[in-house]
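Here the structure is a predicted model, which is why all the values come from computation and not from measurement. These numbers come from the heavy atoms of this one structure, side chains and all, not from hydrogens, waters or symmetry mates. For the single chain, residues carry numbers from 1 onward in sequence order. We count ligands from 1, going down the list as the structure has it; atoms in each ligand are counted the same way.
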Amino acid sequence: MDIVDLRSDTVTLPTPAMREAMAHAELGDDVYREDPTVNRLEGIAADLVGKEAALFVPSGTMGNLAAILAHCQRGDEVILGHLSHTFLYEAGGISALGGVHSHQLYNQPDGSLLLEDIHNAIRPQDIHHPSSRLLCLENTHNRCGGAALSLEYTRQASELAHTHGLSVHLDGARIFNAAAALEVEARELVAPVDSVTFCLSKGLCAPVGSLLCGTGAFIESARRIRKQLGGGMRQAGVLAAAGIIGLKEIAPRLKEDHQRAQFLAQKLRLIPQLVLDEGTPHTNMVYVALRPDVPLDADRLAQELRQHGVMVGVVGARRFRLVTHYWIDDVALERAAQAFAEGMNNLLE
Ligand SMILES: *Cc1c(COP(=O)(O)O)cnc(C)c1O
């Protein structure tokens, strides 16, 4: 049985064109900066987001870590959301490895941080305080339903930070999904921020890798930090080759994933035991929960769905996340919706 895997867009396998490009990629030692394919990927990436330079890193986690370490000294403070990926899912690397103090603000349901909260979080000069050094935003916001932060908001938050001498880093793991949803160019959307990371290994289907982009000087400093973190790779062009295809061929089609997420949401809405998050899906993620009166939990239903060949993300005792991507077609979504309906019936009989 073919598995319909909706757990995440990280499960995407490389496309046939990627495997072909990987097999034939021109290679060199990237630590010597001699891998022509990595150099080409970094050039394309910098251009796409309108920054001076880019650095190929093994993961989004390392991209964010290298960025924050490049922006901050030990004891500096970074302002970020309490639901941000960096705060929740990066193993505390910024404090463990960088000695960077985190100041968490409540993420609003749309993924933003209130400008007033940011303003109040910025510390006055005082030897008792850590120095406020950096604001981190996330777009699209993973835990906030895949919501896209608007260009206007990004501008306002960045301007506020800059006015007080803070830099801004954007965790744009899915920045091309945000750009597709907002119908703006990625380079416009990230123009207000100083640095941005994005992932090749999610909806863009590449097997490995992320890019960190910013000014030339910033990327030079991040390159040294990448080496410190053990992320200097040698013939990394085999990976970069897939990333180039992701940026050229897959990024322009992300809207299809968003349309499919809408289609899946419509189907799930017809199932009486389920309730969809308000506004879901914003991009390629459908967040859905069991209604309070349904005597089941998410783990149990997920097990049952697995029997029907459907895998979903369990993100709470009664909540699921379903993510559409390149390898999910309409037939797969029909199967997923049917599995929910049948699985529920089986368990509630
Ligand atoms: C996936 C993700 C990352 C980075 O994850 P890696 O698995 O380390 O590549 C960072 N931020 C967000 C919002 C993500 O979804």
Side-chain angles (χ1 to χ4, degrees), residues 5-14 41 45 49 54-69 78 80-94 96-97 102 104 107 110-113 134-149 154 168-181 186 189-190 193 195-213 222 225-226 229-231 233 236 239-240 242-243 246-247 251 254 257 261 281-287 313 315 321-325:
D5 195 343
L6 292 162
R7 288 173 300 168
S8 177
D9 46 11
T10 58
V11 303
T12 46
L13 298 176
L41 171 66
V49 297
L55 181 70
F56 186 44
V57 288
S59 67
T61 298
M62 189 184 287
N64 286 333
L65 179 58
I68 293 171
L69 268 53
V78 54
L80 43 57
H82 79 300
L83 296 177
S84 66
H85 193 278
T86 298
F87 180 61
L88 291 177
Y89 302 124
E90 295 174 12
I94 60 170
L97 304 175
S102 76
Q104 307 107 45
N107 277 114
D110 66 358
S112 68
L113 304 172
L134 182 69
L135 169 67
C136 286
L137 301 174
E138 183 173 318
N139 200 7
T140 61
H141 203 292
N142 190 336
R143 273 291 299 276
C144 293
L149 297 182
T154 308
V168 182
H169 173 68
L170 177 68
D171 177 357
R174 295 184 181 80
I175 194 64
F176 297 105
N177 291 89
L189 196 49
V190 307
V193 306
S195 60
V196 55
T197 29
F198 64 82
C199 292
L200 300 169
S201 58
K202 298 195 168 155
L204 301 187
C205 292
V208 176
S210 290
L211 284 124
L212 169 60
C213 309
I225 293 165
R226 182 187 68 171
L229 296 173
M233 300 178 285
L239 303 173
L247 290 176
L254 290 173
D257 296 340
H282 301 279
T283 49
N284 66 332
M285 298 176 183
V286 179
Y287 276 86
V315 293
R321 185 184 76 161
L322 291 82
V323 185
T324 54
H325 52 76

Ligand 1 N/O to protein N/O, distances under 3.5 Å:
from: ligand 1; atom 1: 8 (O); to: G60; atom 2: N; distance (Å): 3.4
from: ligand 1; atom 1: 8 (O); to: T61; atom 2: N; distance (Å): 2.9
from: ligand 1; atom 1: 8 (O); to: T61; atom 2: OG1; distance (Å): 2.6
from: ligand 1; atom 1: 9 (O); to: G60; atom 2: N; distance (Å): 2.8
from: ligand 1; atom 1: 11 (N); to: H85; atom 2: ND1; distance (Å): 3.4
from: ligand 1; atom 1: 11 (N); to: D171; atom 2: OD1; distance (Å): 3.1
from: ligand 1; atom 1: 11 (N); to: D171; atom 2: OD2; distance (Å): 2.5
from: ligand 1; atom 1: 15 (O); to: N142; atom 2: ND2; distance (Å): 3.0
from: ligand 1; atom 1: 15 (O); to: R174; atom 2: NH1; distance (Å): 2.9
from: ligand 1; atom 1: 15 (O); to: K202; atom 2: NZ; distance (Å): 2.9

Pair up each side-chain donor or acceptor in residues 172-180 with any protein partner under 3.5 Å, not counting sequence neighbours, and list the distances.
from: R174; atom 1: NE; to: D9; atom 2: OD1; distance (Å): 3.4
from: R174; atom 1: NE; to: D9; atom 2: OD2; distance (Å): 2.8
from: R174; atom 1: NH2; to: D9; atom 2: OD1; distance (Å): 2.7
from: N177; atom 1: ND2; to: H258; atom 2: NE2; distance (Å): 3.0

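Not a single donor-acceptor pair under 3.5 Å links the side chain of H325 to the backbone N or O of D257. Listed for the T12 side chain is a donor-acceptor partner under 3.5 Å among the backbone atoms of K202. Counting only distance, with no hydrogens or angles, the side chain of R226 and the backbone of M62 share no donor-acceptor pair below 3.5 Å. Of the possible polar contacts, one joining the E138 side chain to the N142 backbone as a donor-acceptor pair under 3.5 Å is found.
N64 and H169 form a side-chain donor-acceptor contact under 3.5 Å, judged by distance and modelled atom types alone.
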